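Quick note: residue numbers are just sequence positions, from 1. All ligand and atom numbering here is 1-based and tracks the order in the structure. Note that this is a predicted model, so its numbers are computed, not measured.
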Amino acid sequence: MKAKTARLDKLLGSLGYGSRQEIARLARVGGVALDGVDVTDASTRIAVTPDLPRRMTVDGRPVDPPQGLMLILNKPLGMTCSHKEDGALVYDVLPDRWRRRDPAISTVGRLDKDTSGLLLLTDDGDLLHRIISPKRHVKKTYRATLARPLAGTETALFASGALMLEGEDKPLAPATLEIISPTEARLTVTEGRYHQVRRMFAAVGNHVEALHRESLGGLVLPPDLAPGQWRLATAEEIEAVFA
Ligand code: URA
């Protein structure tokens, strides 16, 4: 298949490097190189391939990855998954340039402001929808710390496929509860309803005091990522989400 091509100024503009004029100026003075050769004309068409960061430099540094990226973030507490709300947003962890990209980088689903852990971000709309599509049943595993000891009946109720959340008219799909201690449990769900985990425990008279997402599909939060840290996902990690 022939690689998609784009004008240099349009490509770097979409990656947040500046306006077309700024990129044209940068290219003219030798700020952009492809395979070690300066690209001085901003109208030059460039093949947009995933290996571009290994071949192109901007101001001597590898260019950012082209569209089609996936990031893994260890979401810290206190950040909102939104582009436009007030207060600290998850996008604040990204460099300014990455926040100017078009298409924009968005979270794959949402975690509450008070939930920490594995959060994926992508600029690939198809990939995003494949992960959050209810038809795919991608498993989401959370570790919950509870205000009150578990009664012991929750595992069967959550697994029954009959639990109804307040204000809804369709029961939840079966979910798996693993009890870790009287006030700690690991819950795996396949849906993504609003505040689902907190509302499931509220439905059994309990209250979630802390919530942390450990995994999505077969992708476990990498232990090398401290809260607030992120990195590009590898192709194997993206595949693992669907495993
Ligand atoms: N369920 C919740 O209640 N909150 C989250 O952030 C994720 C799942």
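- For Arg143 and Glu184, the salt-bridge test passes: some basic side-chain N is under 4.0 Å from an acidic carboxylate O.
- In Arg54, the CZ atom is not crowded: 12 or fewer heavy atoms of neighbouring residues, nucleotides or ligands sit closer than 6.0 Å.
- Side-chain atoms of Thr49 and Asp51 form a donor-acceptor pair, as typed in the model, at a separation below 3.5 Å.
- With salt bridges taken as basic N to acidic carboxylate O contacts below 4.0 Å, none links Lys113 and Glu85.
- More than 12 heavy atoms of other residues, nucleotides or ligands shown are found within 6.0 angstrom of CD on Glu209.
- With sequence neighbours left out, the ring pair (Phe, Tyr, Trp, His ring centres under 6.0 Å) criterion links Tyr91 to His83.
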As a test of reading the model: which N/O atoms of the protein lie under 3.5 Å from N/O atoms of ligand 1, and at what distance?
unit_1: ligand 1; atom_1: 1 (N); unit_2: Val197; atom_2: N; d: 3.1
unit_1: ligand 1; atom_1: 3 (O); unit_2: His195; atom_2: O; d: 3.2
unit_1: ligand 1; atom_1: 3 (O); unit_2: Gln196; atom_2: N; d: 3.4
unit_1: ligand 1; atom_1: 3 (O); unit_2: Val197; atom_2: N; d: 3.3
unit_1: ligand 1; atom_1: 3 (O); unit_2: Arg198; atom_2: N; d: 3.0
unit_1: ligand 1; atom_1: 4 (N); unit_2: Asp112; atom_2: OD2; d: 2.7
unit_1: ligand 1; atom_1: 6 (O); unit_2: Asp112; atom_2: N; d: 2.8
unit_1: ligand 1; atom_1: 6 (O); unit_2: Asp112; atom_2: OD2; d: 3.4
unit_1: ligand 1; atom_1: 6 (O); unit_2: Thr115; atom_2: OG1; d: 2.9

